[in-house]
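Below is one structure; the comments refer to it alone.
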Amino acid sequence: MNKNRYWILFLTVLLSVYSACAHTMEKESMKTVIEKALEHANSQSLILAKNVAALSGRLPKSIKEGKLETSLSDWWCSGFFPGTLWYLYEYSNDKEIGKYATLLTERIKKEQYNKNTHDLGFMLYCSYGNALRLTGRKIYKSILINGAKSLSTRYNPVVGCIRSWDFNKDKWQYPVIIDNMMNLEYLMWAYKETGDERFKAISVNHANKTMENQFRTDYSCYHVISYSPETGRVMVKGTHQGYSDESAWSRGQAWALYGYSMMYRETKNEKYLVQAKCIADFILNHPRLPKDKIPYWDFDVPEIPNVLRDASAGAIIASALIEMSQFVDDNTAKRYLDVVETQIRTLSSSDYTATVGTNEGFILKHSVGYFLAGSEVDAPLTYADYYYVEALLRYKKYILNK
Ligand code: GLY
């Protein structure tokens with residue numbers, strides 16, 4: 001072989017190695033990412049469902065000391081896993097998933113009469129709300145209406161908000177936490193279902209009062225506002241789960257974003273969309289939002305970047321932004337969806353998604369429940385999985401199948 005032929009051979013080999021590498025490095029399409037993620041979620045959730053079904057009356061919570069941690073139905077997160085199963089049933093029509101969704105949803109039934117918590121939206125609407133939507137079973141409707149009535153008993157017209165917690169009465173006379181915005185979707189459903197204007201009035205008043213008092217000028221929000229139940233005056237502004245009273249706790253920002261986007265969907269009142277857009281700007285323009293768009297557990301922890309991420313906040317933000325992309329102009333929608341794409345790719349990668357059969361059957365790793373209390377730190381959480389699956393389905397429905 002002469003010298004030239006050696007060169008040609010060498011260059012041909014080089015070219016094929018390069019094109020093989022380029023091929024493997026090519027990004028998968030979002031369609032493929034979403035389909036794979038939903039298939040994975042289906043398999044993984046079936047494992048968790050089987051394990052939990054065998055534990056009488058229990059529902060999944062997280063992993064503690066390497067073992068599956070479960071709760072009774074009165075824990076604020078009881079509805080998320082049944083809700084995830086309903087979403088997956090909607091996706092796959094898998095009868096086994098449907099069977100476990102029904103079984104675990106029914107474990108929450110007694111909470112329809114629980115007047116000691118504001119979390120009935122999470123507990124009942126994520127579970128029974130999806131169950132009713134997908135099966136139309138009448139019994140689910142009456143359970144949901146009873147639950148909405150129980151939740152409404154926590155509304156004080158002087159304050160104009162639903163009371164969140166009953167603990168720490170010395171510190172907070174009438175605490176309202178930003179998470180509480182998430183209950184309003186349930187009450188708006190109850191209004192549409194029954195025609196009872198009171199449900200709507202509570203939702204609208206709560207959203208308005210929260211908008212007035214819970215936000216800072218940069219549209220970040222406080223976790224907790226405590227009011228005087230006698231005068232409705234703001235008494236305390238602070239946090240419970242965040243880094244500090246003046247910090248921006250990531251999940252709180254996520255609940256706020258989702259809450260106002262949802263209130264715009266439900267009422268078509270423009271001011272809620274404006275609020276949601278301003279919250280989105282706070283989150284998306286934040287200099288401490290990492291490149292992969294999964295927030296640290298609080299935006300203001302001094303040790304950033306050596307701080308844990310909160311996958312749950314990432315999943316809630318993704319789901320909310322997909323919805324918002326349907327309400328805004330094309331440029332803004334593109335800006336939101338670019339972030340969503342990064343979030344979904346990140347969460348669906350092995351950095352956050354557990355291999356099937358590991359992580360006790362939870363889909364995602366790396367969420368933070370309550371960092372300063374050392375509770376559910378760098379752990380799987382049922383609401384991270386719920387809003388992640390919701391985001392996957394929303395992306396499929398609104399973006400891929402539009
Ligand atoms: N307090 C509900 C949450 O951790 O987001």
Side-chain angles (χ1 to χ4, degrees), residues 59-64 69 71 73-81 83-84 111 114 116-127 151 154 161-168 171-172 175-186 206 210 214 220-226 237-245 247-260 262 279 283 294-299 301 308-320 362 364 366-388 390-391:
L59 291 138
K61 191 172 179 232
S62 184
I63 294 180
K64 195 172 178 185
E69 188 186 19
S71 75
S73 63
D74 61 357
W75 174 240
W76 74 276
C77 301
S78 59
F80 289 120
F81 185 60
T84 302
E111 302 310 324
N114 187 347
N116 300 320
T117 177
H118 74 136
D119 284 316
L120 292 182
F122 288 137
M123 294 152 80
L124 294 173
Y125 197 60
C126 295
S127 54
L151 176 58
R154 298 184 67 81
C161 285
I162 301 162
R163 180 188 186 105
S164 290
W165 296 322
D166 296 335
F167 61 85
N168 267 356
K171 190 170 170 192
W172 303 311
V176 178
I177 65 172
I178 192 65
D179 326 26
N180 206 334
M181 282 296 300
M182 299 297 283
N183 285 307
L184 308 183
E185 185 170 15
Y186 181 20
H206 185 107
T210 299
Q214 203 118 8
S220 68
C221 63
Y222 288 94
H223 183 200
V224 188
I225 298 289
S226 181
K237 295 184 175 201
T239 198
H240 184 58
Q241 283 159 266
Y243 171 74
S244 71
D245 286 342
S247 72
W249 174 52
S250 297
R251 198 163 50 257
Q253 315 313 304
W255 292 140
L257 182 73
Y258 193 114
Y260 283 97
M262 174 277 296
I279 300 165
I283 297 171
I294 307 303
Y296 298 104
W297 69 270
D298 189 298
F299 282 96
V301 187
L308 291 171
R309 308 295 191 88
D310 178 15
S312 76
I316 298 160
I317 292 167
S319 188
F362 292 97
L364 296 179
H366 307 314
S367 288
V368 173
Y370 184 0
F371 185 88
L372 295 182
S375 166
E376 299 169 336
V377 173
D378 197 17
L381 289 169
T382 51
Y383 42 102
D385 289 0
Y386 178 86
Y387 290 102
Y388 171 63
E390 183 180 85

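All heavy atoms count here, side chains included; hydrogens, waters and symmetry mates do not. Model, not experiment: these values are computed from the prediction. Numbering of ligands and ligand atoms starts at 1, following listing order.
Listed by chain and residue number, E390, R394 satisfy the side chain to side chain donor-acceptor pair (under 3.5 Å) test with Y258 (two or more places apart in sequence, or in another chain). In terms of the side chain to side chain donor-acceptor pair (under 3.5 Å) criterion, D119 has no residue partners (sequence neighbours excluded).
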Which pairs of donor and acceptor atoms, one on a side chain in residues 367-379, lie under 3.5 Å apart (sequence neighbours left out)?
residue : atom : partner : partner atom : Å
S367    : OG   : S312    : N            : 3.1
Y370    : OH   : H240    : O            : 3.2
D378    : OD1  : H366    : ND1          : 2.6

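The distance between the ring centers of W172 and H223 does not fall below 6.0 angstrom.
Using a heavy-atom distance under 4.0 Å as the criterion, the protein contacts of ligand 1 are W76, D179, Q241, W249, R251, W255, Y383.
Not a single donor-acceptor pair under 3.5 Å links the side chain of D298 to the backbone N or O of S250.
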Fill in: W75/F122 under ring pair (Phe, Tyr, Trp, His ring centres under 6.0 Å): CA gap, chis, key distance, verdict
CA-CA 10 Å; W75 174 240; F122 288 137; over 10 Å; no
